[in-house]
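A quick write-up on the structure given underneath.
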2 protein chains.
Amino acid sequence: MSRMAAGERRERLVDAAIAVMVREGVSAATTRAIVAEADMPLGSFHYCFRSKEELLGEVIEVITGHTLERALSEVVGEGELEERLRRGMRAYWQHVVEEPDEHRLTYELTQYAARQSGLAVVAERQYQTYLAANTRLIEALTDAEGKRLEWDAPVPVLARYVTAVLDGVTLLYLNEGNAAAAGEALDLVALHVAGLARRA
Amino acid sequence: MSRMAAGERRERLVDAAIAVMVREGVSAATTRAIVAEADMPLGSFHYCFRSKEELLGEVIEVITGHTLERALSEVVGEGELEERLRRGMRAYWQHVVEEPDEHRLTYELTQYAARQSGLAVVAERQYQTYLAANTRLIEALTDAEGKRLEWDAPVPVLARYVTAVLDGVTLLYLNEGNAAAAGEALDLVALHVAGLARRA
DNA sequence: CGCCGTCTTGGACGTACGACCAAGACGCTT
DNA sequence: AAGCGTCTTGGTCGTACGTCCAAGACGGCG
């Protein structure tokens with residue numbers, strides 16, 4: 001392997017780890033499988049990372065970022081509240097249907113992290129990030145169009161509702177495979193949430 | 001260990017496996033940890049089970065049964081549709097709050113099974129069982145009170161919606177820990193579903 | 001009592017894993 | 001050119017795992 005800064009090698013190993021995990025699951029991502037995917041000798045792993053746990057922490061942060069970028073960028077824009085909401089959800093949903101294995105991995109990683117005392121903090125932060133994102137989403141919906149809207153339910157409850165539904169529908173699709181029916185269930189939610197908004 | 005029929009030993013090993021998994025996760029449930037929990041010598045394991053995979057199949061079936069019994073028994077009964085629906089959901093929710101680790105295990109097992117080619121069928125059947133149960137739940141709601149109700153959305157979509165929300169809210173609570181907010185989100189759903197029913 | 005199928009058990013085998021190390025190669029600075 | 005910090009690498013250590021086996025113990029039936 002050509003000479004390379006330790007930092008860049010770290011990034012490559014993180015990418016390789018994600019590739020292996022998406023393809024074969026977290027448990028298949030052994031140090032040996034990861035360095036093989038990155039085409040590096042085994043020794044480089046523990047030169048770049050103190051432990052496998054340290055690498056997993058970075059993997060989780062990278063993956064969480066991927067997921068969030070999508071939906072948020074879509075809810076801001078033109079149109080009625082219901083239209084924008086539906087557009088944001090469809091953007092998220094499209095990503096799920098296109099890259100199901102990547103989403104399967106996020107759930108797997110969360111559970112793996114929750115069981116490891118050293119990574120439990122990371123798992124909690126992951127969900128708080130999701131909640132914060134959906135809170136911002138809901139607030140972005142009310143603020144647009146120059147008109148101030150109010151909700152029939154408290155924003156924290158709404159945020160949890162949206163977070164939970166997205167997670168639940170995704171999980172159901174991943175395990176059952178019926179994308180059409182799951183998508184319809186999401187539309188039902190979009191309609192519901194839009195109906196909860198009222199003009200102040 | 002006293003002499004015992006192979007069938008009974010199987011049951012004890014399944015119970016022991018569940019105990020270990022609830023306490024420490026699926027990955028900690030090694031053959032050695034399981035027989036230690038059951039207070040048996042290692043050799044008994046492969047006398048009772050062809051492989052560890054065979055045991056896991058039985059574990060999943062037992063656990064799935066546990067979860068379902070709760071909610072279903074509550075929706076049939078006296079009262080308005082919304083009241084019965086809320087009661088069923090609260091029954092399920094109470095079980096989640098009382099035994100979070102058992103629910104965490106169901107998700108863990110589903111993912112584990114989905115990755116194993118030999119157990120993928122079991123994972124799929126698990127979710128089809130959930131869907132079937134929630135379909136029956138919805139139909140039970142319409143049939144009661146002697147009046148026939150109809151829904152503003154197709155029953156299969158409703159069933160997926162309910163399944164997904166229960167899963168999602170549970171998962172969120174398990175990872176975030178805010179039981180009160182999650183419970184309120186469930187109430188929001190009960191109200192929503194009740195509103196979707198109309199008298200024919 | 002003696003047979004035979006069922007059950008019991010301690011130990012062993014091969015494999016795979018995370019982690020570690022020492023010896024050397026590289027390349028920038030002085 | 002010499003020195004030195006950074007990076008590279010193959011090999012190895014101890015541990016833990018799933019699985020298998022052979023030798024024996026038990027107990028119901030003829």
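The basis for the numbers below is simple: all heavy atoms, side chains too, and nothing from hydrogens, waters or symmetry mates.
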Positions of residues 50-61 of chain B (non-hydrogen atom under 4.0 Å from DNA chain C), listed by number: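 Per residue number, the list is empty: none.
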
H192(A) and H192(B) aromatic ring geometry - parallel, tilted or perpendicular at 30°/60° bounds: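 Geometry flag for H192(A) against H192(B): parallel rings.
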
Annotated protein contacts, base or backbone, on nucleotides 3-14 of chain C with a non-hydrogen cut-off under 4.0 Å, one of B, S, - each: --BBBBBB-B--

Backbone N/O of A181(A) and side chain of N178(A): donor-acceptor pair under 3.5 Å: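 Checking the backbone N and O of A181(A) against the side chain of N178(A), a donor-acceptor pair under 3.5 Å is found.
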
H46(A) side-chain N/O to dA19(C) phosphate OP1/OP2 under 4.0 Å: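 For dA19(C), OP1 or OP2 has a side-chain N or O of H46(A) closer than 4.0 Å.
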
dC17(C) phosphate, OP1 or OP2, under 4.0 Å from T31(A) side-chain N/O: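 T31(A) to dC17(C) OP1/OP2: no side-chain N or O under 4.0 Å.
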
Euclidean distance, atom CD1 of residue I34(A) to atom P of dC17(C) [Å, nearest integer]: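 Interatomic distance, CD1 of I34(A) to P of dC17(C): 11 Å.
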
Heavy-atom check, side chain of Y127(B) versus side chain of L131(B), under 4.5 Å: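 Y127(B) does not reach L131(B) side chain to side chain.
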
Does [X] come within less than 4.0 Å of [Y], counting only side-chain N to carboxylate O?
X: E37(A); Y: R23(A); value: yes
X: E176(B); Y: R160(A); value: yes
X: R104(A); Y: E108(A); value: no
X: R84(A); Y: E80(A); value: no

Shortest non-hydrogen separation from F49(A) to E54(A) and the atoms involved: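 Looking at all heavy atoms of both residues, the shortest contact is CD2-OE2, 3.9 Å.
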
